[in-house]
Protein chains: 2
Amino acid sequence: MTAMAQAQGRVEEVMRQLEKALLEGSLPPGSRLPSERVLAEQYEVSRNTVREAVQRLAARGLVRSRPGAGVYVTDQLRTGIASPWGQLVADHPALRDDILEFRRVLEGATAYFAAMRADDEDVERIGALMDQLEQARRDEDMAAEAAADAKLHEAIALASHNSMFLHLHASIIGMLREHITLNGTGMRRQDEKVSAQLLEQHRVVCDAIRARRPEEARTAMQSHIDYVRSQVDGNGKE
Amino acid sequence: MTAMAQAQGRVEEVMRQLEKALLEGSLPPGSRLPSERVLAEQYEVSRNTVREAVQRLAARGLVRSRPGAGVYVTDQLRTGIASPWGQLVADHPALRDDILEFRRVLEGATAYFAAMRADDEDVERIGALMDQLEQARRDEDMAAEAAADAKLHEAIALASHNSMFLHLHASIIGMLREHITLNGTGMRRQDEKVSAQLLEQHRVVCDAIRARRPEEARTAMQSHIDYVRSQVDGNGKE
DNA sequence: GGCACAAATTGGTAGGACCAGTCGGTGTAC
DNA sequence: GTACACCGACTGGTCCTACCAATTTGTGCC
């Protein structure tokens, strides 16, 4: 008669118990879980069931198991673990190429329509962000530079006056950002030349938009993405 | 360093294989996975290992298992992208123009990459669907024609060999079709000439893909979308 | 044709076993 | 006393077999 209708199975139940222990702090980050055999006896289930529950937690990044050593609680604060895509991008490098390829098309078209339909307000906003980007570049403030970069692309998407491009841009970029954060990579680190080139590319794109030259804007944006792609490809493992 | 503790075990490996199948579309949303026993034999691992891999996928919401029935693929990947969209489109018909515009870009690029990367299997599938479409046309079976049309576009997306195009296509186009159906499809019905033209357009696109001419495929597809757009715009209904 | 029953299939769970690492303790050599 | 090598207990990873409960599907009766 307990209100808790344990969904379907013992695996769920064990998982919830473990989650509860994690949340309550009885299993603080870094600590080791009791061995699977102990847990199995403790919860009065088979080790198989315990293992499957642990696998589910591991899939969400809550714990990490080291063969021969034990299962350890990870730092919960760290993993954002958002959409199913995040993990997939991390696991399948090939998918990253797919995304970049798609992004080339998407952002190219976005720039195209931005150049075609940007109103005065859009142009002003884009101009301001370009100034901001240049300023950050001069200050060698990487964080500010990245932020301005993101905002600039968003402003361009906004200027396209097509909600599909705007929102899709947001999700795709978010996806990539997730991946970059996960992998800790990031290309533009300290490389001044790269940074300068990126700035120049942005300038070309924005100029084309301001001059209302769609084709030019698209080409420039695609070149920009190509450059990004080459940089990302370059510093990767393997 | 970035060695990325890869494949510590068979569970990881099986999970990646399944993920790959999900991304590539060989396991489309709604479909049922082979039984665990079959998968175990297929990957040459124990059923236990397969189960743990499935549990990890289930933890991320990519699949859902129903006792006695089987394991089914969810549409998390698609809704993950187009999440905010279903409602918006339903509420704001104005977005339809945005979607069509986006679709022109998306499907154009999809056809482009399909022409570039279609393998023999893809070509064969596309050819079969073209035949199917012609047959439906001859029979004047509107329902079959629409179904074959949808399948054909999906096959092209599959042939692009890019997960992003595949899944985006499925979600966006599906959404759009739903909307069109809602609005009283119109267009191709009763008008024999329209139907004939659409068939011809599809033929041009498919021929370009089969002949491996990307640019031509893109142009043809965009012309096709333009035509669809003009027809939809034309026949009023708000 | 429709419906009830039986058989095959499927995921869920159990409990056993073995392997390859890791960890801890012990004993020996220095 | 310390440092090192070694060995055994422990742990997760994998495999196996078996059984259960639910579903699906096939069958035959009505």
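So you know, we letter chains A, B, ... as the sequences are listed, proteins then strands, and number each from 1.
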Next on the checklist: Suppose we screen for salt bridge (Lys or Arg N to Asp or Glu O under 4.0 Å). Which residues come up paired with B:Arg32, at least two apart in sequence or across chains?
Outcome noted: none
Item to check | Qualifying residues under salt bridge (Lys or Arg N to Asp or Glu O under 4.0 Å), relative to A:Arg56, sequence neighbours excluded | outcome: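 A:Arg56: salt bridge (Lys or Arg N to Asp or Glu O under 4.0 Å) contacts with A:Glu12.
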Write down the distance between [atom1] ([X]) and [atom2] ([N]), rounded to a whole number of angstrom.
X: A:Glu41; N: C:dG16; atom1: CD; atom2: P; value: 12 Å
X: A:Leu33; N: D:dT11; atom1: CG; atom2: P; value: 12 Å
X: B:Glu13; N: D:dC15; atom1: CD; atom2: C1'; value: 18 Å
X: B:Glu44; N: D:dC15; atom1: CD; atom2: C1'; value: 14 Å
X: A:Arg32; N: D:dC10; atom1: CZ; atom2: P; value: 12 Å
X: B:Leu39; N: C:dT9; atom1: CG; atom2: C1'; value: 14 Å
X: B:Arg10; N: C:dG21; atom1: CZ; atom2: P; value: 12 Å

Checklist entry - Of all residues at least two apart in sequence or in a different chain, which pass the side-chain hydrogen bond (donor to acceptor under 3.5 Å, both in side chains) check with B:Gln17? => result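 Testing B:Gln17 for side-chain hydrogen bond (donor to acceptor under 3.5 Å, both in side chains), a comparison that skips the adjacent residues, returns B:Glu13.
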List, with names and distances, any nitrogen or oxygen atoms from the protein found under 3.5 Å away from nitrogen or oxygen atoms belonging to nucleotides 19-27 of chain D.
residue : atom : partner : partner atom : Å
D:dT24  : OP1  : B:Arg66 : NH2          : 2.6

Could you tell me if the side chain of [Y] sits less than 4.5 Å from the side chain of [X], heavy atoms only?
X: B:Glu107; Y: B:His224; value: no
X: B:His161; Y: B:Asp119; value: yes
X: A:Phe165; Y: B:Val105; value: yes

Next on the checklist: Starting the side chain at C-beta, find the nucleotide from D:dG12, D:dC15, C:dG12 nearest to B:Ser46.
Outcome noted: D:dC15
Next on the checklist: Would you say CD of B:Glu154 has more than 12 non-hydrogen atoms from neighbouring residues, nucleotides or ligands within 6.0 angstrom?
Outcome noted: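 No, the 6.0 Å shell around CD holds no more than 12 heavy atoms from other groups.
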Checklist entry - Could you give all pairs that pass the salt bridge (charged side-chain N to carboxylate O under 4.0 Å, His left out) test and reach residues 59-73 of chain B, with sequence neighbours left out? => result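 Listed by first then second residue: B:Glu19-B:Arg60.
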Next on the checklist: Tell me which residues in residues 48-59 of chain B lie within less than 4.0 Å of DNA chain D, going by non-hydrogen atoms.
Outcome noted: B:Asn48, B:Thr49
Checklist entry - Looking for any heavy atom pair under 4.0 Å, which part of the strands does B:Arg64 touch: base, sugar-phosphate only, or nothing? => result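 Touches nothing.
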Next on the checklist: If we ignore hydrogens and angles and just use 3.5 Å, is the side chain of B:His202 paired with the main-chain N or O of B:Met130 as donor and acceptor?
Outcome noted: no
